[in-house]
Protein chains: 2
Amino acid sequence: MKTSSVELIILDLLSQEQAHLTAQEIYQQLRSRLPAVNPSTVYRALERMAHAGKISVSDMGRGAMVYEAVGGERHHHLVCQECGAVMTIEDQPVNELFRYLEKQYHFEMITNHLILFGRCQNCQSPVQVLKAETSKE
Amino acid sequence: MKTSSVELIILDLLSQEQAHLTAQEIYQQLRSRLPAVNPSTVYRALERMAHAGKISVSDMGRGAMVYEAVGGERHHHLVCQECGAVMTIEDQPVNELFRYLEKQYHFEMITNHLILFGRCQNCQSPVQVLKAETSKE
DNA sequence: ATTATAAACGCAAATATTTGAAAATGCAAG
DNA sequence: CTTGCATTTTCAAATATTTGCGTTTATAAT
């Protein structure tokens, strides 16, 4: 099956510099190459590609899902909910959990990009103190 | 700080039977108790509550995020991307990973509800065969 | 009780996303 | 090349979500 032109361009966009783009960002950038493309074409293409495993979709706390090309080093992210900092972590420990769950539950994992939210080192104790001073629930 | 009435009702809704509700479902159900409530009030309340850690937000592959009250047994889900089946798994192995990552990256984990996508046992080999017969990329 | 301040809410407008149905395109078989 | 079928795209309309801003409500201080 030949890949549609929109899909090709989207893959190209997502291949630039480990891009994590939202549907809107993709739509906007696409318009500079295919000026008349319709938004629903983009949404449907993204849906298709995600289901086909060509791209991954994740919530990185930006308000909308971000899309990423699959391939390259498998990795995962820790996202700080206070300052938005994104740390990339290696696959190994996550992979171990996944393999364990696959055996345990006879489940074939598809998720290959984990996003975990929390507070980075910088945002930890300082915030606690601030909160203690400011609010009293 | 006193909790707003909308927040109280939302918490009540989410406390019924391990509910995983979308914003729309919450909005609809809320209207039966507060007929004149405005959608933006609901969206803003959900955002507030999520940020305050009163509820958790996750993508269970239903097209929209689902909200859940926190508290009760910590658990996670395996969601089958073919048939939509949802398995609940115990916290322990996930918790071990989280504790490891916290130590390793000095990161304080907030995520407490993991959703992992894949294929359940029923949807595994059958689909492979079907695909092999049907498509030839 | 009165006033000041911040949080929550409603409303209307702007955006974003989804959906159904028709037109266009690509591909394979005849 | 022409027909048939499946996929992709468009368009318009329906939904869903977000945003700015003015109003109300709650809370705390005077």
Side-chain angles (χ1 to χ4, degrees), chain A residues 1-14 20-55 57-67 84 130-137, chain B residues 1-14 20-55 57-67 84 130-137:
Chain A
M1 166 172 42
K2 185 162 178 265
T3 309
S4 86
S5 69
V6 168
E7 286 197 19
L8 282 178
I9 304 184
I10 290 178
L11 277 180
D12 186 45
L13 288 176
L14 292 180
H20 291 89
L21 302 178
T22 64
Q24 274 306 306
E25 290 165 343
I26 292 171
Y27 173 57
Q28 301 303 343
Q29 297 197 25
L30 205 49
R31 285 169 62 114
S32 64
R33 299 214 219 168
L34 282 182
V37 70
N38 194 284
S40 63
T41 301
V42 177
Y43 287 106
R44 286 203 248 240
L46 289 172
E47 188 183 330
R48 230 184 299 136
M49 295 165 77
H51 190 267
K54 296 173 184 170
I55 60 180
V57 193
S58 33
D59 174 6
M60 306 230 326
R62 291 224 265 139
M65 291 292 175
V66 299
Y67 297 84
L130 250 168
K131 277 195 174 164
E133 283 172 359
T134 309
S135 80
K136 33 262 99 205
E137 340 199 357
Chain B
M1 166 173 43
K2 186 162 177 263
T3 309
S4 86
S5 69
V6 169
E7 286 198 19
L8 282 177
I9 303 184
I10 291 178
L11 277 178
D12 186 45
L13 288 176
L14 292 179
H20 292 88
L21 302 178
T22 65
Q24 274 304 308
E25 290 166 343
I26 291 170
Y27 173 57
Q28 300 303 345
Q29 297 196 25
L30 204 50
R31 285 170 63 115
S32 64
R33 299 213 220 168
L34 280 183
V37 71
N38 194 281
S40 65
T41 300
V42 177
Y43 287 106
R44 287 202 249 238
L46 289 172
E47 189 184 330
R48 228 184 300 137
M49 295 165 76
H51 190 269
K54 296 174 186 170
I55 60 181
V57 193
S58 34
D59 174 7
M60 305 232 328
R62 291 223 266 140
M65 291 293 178
V66 298
Y67 297 84
L130 250 170
K131 275 195 176 166
E133 283 170 0
T134 310
S135 79
K136 36 286 75 201
E137 342 199 355

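Order of the sequence lines fixes the chain letters, A, B, ..., with proteins taken first and strands second; residue numbering starts at 1 for each chain. For clarity, every value in this text was computed on a predicted model and none was experimentally measured.
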Minimum-distance pair of heavy atoms, taken over all atoms of A/Met65 and A/Asp59: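 Scanning both residues completely, I find the closest heavy atoms to be SD-N, 3.5 Å.
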Atom of A/Ile26, atom of A/Leu13 and distance for their closest heavy-atom approach: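 That closest heavy-atom pairing would be O-CD1, 4.1 Å.
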How many whole angstroms separate atom [atom1] of [X] from atom [atom2] of [N]?
{"X": "B/Tyr27", "N": "C/dC9", "atom1": "OH", "atom2": "C1'", "result": "13 Å"}
{"X": "A/Tyr67", "N": "C/dA16", "atom1": "OH", "atom2": "P", "result": "14 Å"}
{"X": "A/Arg31", "N": "C/dT15", "atom1": "CZ", "atom2": "P", "result": "13 Å"}
{"X": "A/Leu8", "N": "C/dG26", "atom1": "CG", "atom2": "C1'", "result": "14 Å"}
{"X": "B/Asn38", "N": "D/dG22", "atom1": "CG", "atom2": "P", "result": "17 Å"}
{"X": "B/Leu46", "N": "D/dA16", "atom1": "CG", "atom2": "P", "result": "15 Å"}
{"X": "B/Glu7", "N": "D/dT25", "atom1": "CD", "atom2": "C1'", "result": "15 Å"}
{"X": "B/Met65", "N": "D/dT17", "atom1": "CE", "atom2": "C1'", "result": "13 Å"}

side-chain N/O A/Arg44 vs D/dT9 OP1/OP2, d < 4.0 Å: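 It does not, given that no N or O in the side chain of A/Arg44 lies less than 4.0 Å from OP1 or OP2 of D/dT9.
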side-chain N/O A/Arg48 vs D/dT9 OP1/OP2, d < 4.0 Å: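 Indeed, a polar side-chain atom of A/Arg48 lies that close.
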More than 12 heavy atoms from other groups under 6.0 Å of CD on B/Glu47: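 Not buried by this count: 12 neighbours or fewer within 6.0 Å.
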5' precedence on DNA chain C between A/Ala23 and B/Ser40 (nearest-nucleotide basis):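 The residue whose closest nucleotide sits nearer the 5' end is B/Ser40.
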Residue whose nearest DNA chain C nucleotide is more 5′ - A/Gln24 or B/Ala36: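 The residue closer to the strand's 5' end, by nearest nucleotide, is B/Ala36.
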Distance-only side-chain donor-acceptor flag, B/Gln28 / B/Gln24, under 3.5 Å: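 Yes.
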Axis-to-axis angle between the two ends of the helix from C/dA1-D/dT30 to C/dG30-D/dC1 (five base pairs per end, rounded to 10 degrees):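 One end's axis against the other's: 30°.
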Verdict with supporting geometry, B/Val42 and B/Leu46, side-chain contact (heavy atoms from CB on, under 4.5 Å): CA-CA 6 Å; B/Val42 177; B/Leu46 289 172; 4.0 Å; yes
B/Thr41 side-chain proximity, nearest of C/dA21, D/dA16, C/dG10: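 The answer is C/dG10.
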Stepwise side-chain contact (heavy atoms from CB on, under 4.5 Å) test for A/Arg44 and A/Val6: CA-CA 10 Å; A/Arg44 286 203 248 240; A/Val6 168; over 6 Å; no
Candidate pair B/Lys54 and B/Ile10, rule side-chain contact (heavy atoms from CB on, under 4.5 Å), full reasoning: CA-CA 10 Å; B/Lys54 296 174 186 170; B/Ile10 291 178; over 6 Å; no
